[in-house]
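The structure displayed is predicted, hence computed values, not measured ones. Quick note on labels: first sequence line is chain A, next is B, and so on, each numbered from 1.
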Amino acid sequence: MMDYSQAFEISASGMTVEKLRIDVTAVNIANMHSTAAADGTLFRPLRVISRSSLPVFASQFEDGAGEAVYKLRGAQIHAVQELDVPPRSVYEPGNPGADDKGFVALPGVDHVSEMVTLVVALRAYEANVAAMNAARTMAMKALEVGGNQ
Amino acid sequence: MIDEIDSATMGVLRLALDAASLRHRVIAHNVANTNTDGYTPLRVSFEEQFDAVRSALGRPEPVDRGLLEGPRPVISQDAPLDGASARVELDMEIAKLAQNTVHYQALLRGVSKHLSILGIAVTEGKR
């Protein structure tokens, strides 16, 4: 039997992960030029670590008295990790956050890799939407069985 | 059950619809894990198990329904050719997704047609 809710859940889990990836990229880019906060901590670029929510490959179990049912739940967020990258030093003597030599520490956000992550996550999100639309098409067609011939 | 209604055709169609449904979920799972590091794509093997049924189709007598007890859709991990860990190829997954959707619809058409043949028998050929 086609378990539609499961198909939608799988695609939704992928969309959740990719949306967080895009959000985190936006946070990184937004804080590209943020100087240290009042307590002296500097923003560090974040990265989303996702994992498959099928921890053991053979995690199929008996569903009631019927046959073995495969349980697939798509992707899940494992962690949002702070990247350990050295800060950039920019010479800005007028900046209130500058040290006595006139250098300001800015987060070491890699602009290019953030943009690449953004595009990759966007495409992956679209692919999840495509999978969900396919599930919907299949469900709608199944409703037409036995209709007017 | 009446032999015509619970026929081998319906049995095969039911199995194949289950397989297509499972394949859809597996593809959706692969797509959801596109950006997961170290993820190995999953595959469904089903059609390969139909050799016995295919050879039975070549013989004149009706297909034994017991042959349909064997084939079941099975999930396996994608085995990479070069020994390196396989990755999710997004374009290939979407292509498989489109193919599977069409395949599922074709199977549903098969169910409809089979039922409409029964309908002809019920209405004695009249409309």
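- When only modelled atom types and interatomic distance are considered, T137(A) and T101(B) share no side-chain donor-acceptor pair under 3.5 Å.
- Residues L46(A) and V17(A) are members of one and the same hydrophobic cluster, defined by side-chain heavy-atom contacts under 4.5 angstrom among Ile, Leu, Val, Met, Phe, Trp and Tyr.
- Both the backbone and the side chain of V120(A) come within less than 4.5 Å of a heavy atom in chain B.
- No more than 12 heavy atoms of other residues, nucleotides or ligands lie within 6.0 Å of CZ in R47(A), so this atom counts as exposed by the packing criterion.
- Contact count against chain A (heavy-atom pairs under 4.5 Å) is highest for I94(B) among I94(B), T34(B), V88(B).
- When each of G119(B), A98(B), A32(B) is scored by its heavy-atom pairs under 4.5 Å with chain A, the top score falls to A32(B).
- Remark: the backbone N or O of L72(A) is not paired with any side-chain donor or acceptor of H29(B) at under 3.5 angstrom.
- Atom CG of D23(A) sits in a crowded spot, with more than 12 heavy atoms from other residues, nucleotides or ligands closer than 6.0 Å.
- A continuous path of Ile, Leu, Val, Met, Phe, Trp and Tyr side chains, each step under 4.5 Å between heavy atoms, connects I10(A) with Y39(B), placing both in one hydrophobic cluster.
- Clustering ILVMFWY residues whenever any of their side-chain heavy atoms sit less than 4.5 angstrom apart, transitively, puts I75(B) in a cluster other than the one holding I27(B).
- With a 4.5 Å cut-off on non-hydrogen atoms, V26(B) touches chain A through its backbone and its side chain both.
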Can N100(B) and M138(A) be said to form a side chain to side chain contact (heavy atoms under 4.5 Å, CB included), step by step? CA-CA 10 Å; N100(B) 190 54; M138(A) 286 160 74; 4.2 Å; yes
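- Note: the hydrophobic cluster containing L17(B) also contains L115(B) (ILVMFWY, side chain heavy atoms under 4.5 Å, direct or indirect links).
- The candidate from M132(A), M15(A), R21(A), R123(A) with the greatest count of non-hydrogen atom pairs under 4.5 Å with chain B is R21(A).
- How far CD of E9(A) is from CZ of R25(B): 11.0 Å, rounded to the nearest 0.5 Å.
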Requested in this report: Step by step, work out the side chain to side chain donor-acceptor pair (under 3.5 Å) result for T36(B) and S52(A).
Outcome: CA-CA 7 Å; T36(B) 302; S52(A) 166; over 6 Å; no
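- Atom CD in Q76(A) sits 9.0 Å away from atom CG in N33(B) (nearest 0.5 Å).
- Linking Ile, Leu, Val, Met, Phe, Trp and Tyr whenever their side-chain heavy atoms come within less than 4.5 Å leaves L106(A) and V85(A) in two separate clusters.
- A distance of 12.5 Å separates CG in L108(B) from CE in M140(A), rounded to the nearest 0.5 Å.
- Surrounding CD of E82(A) are more than 12 heavy atoms belonging to other residues, nucleotides or ligands, all under 6.0 Å away.
- Atoms CD and CG, on E18(A) and N35(B) in that order, are 4.5 Å from each other to the nearest 0.5 Å.
- Taking every heavy atom of both residues into account, A127(A) and L90(B) meet most closely at CB-CD1, 3.6 Å.
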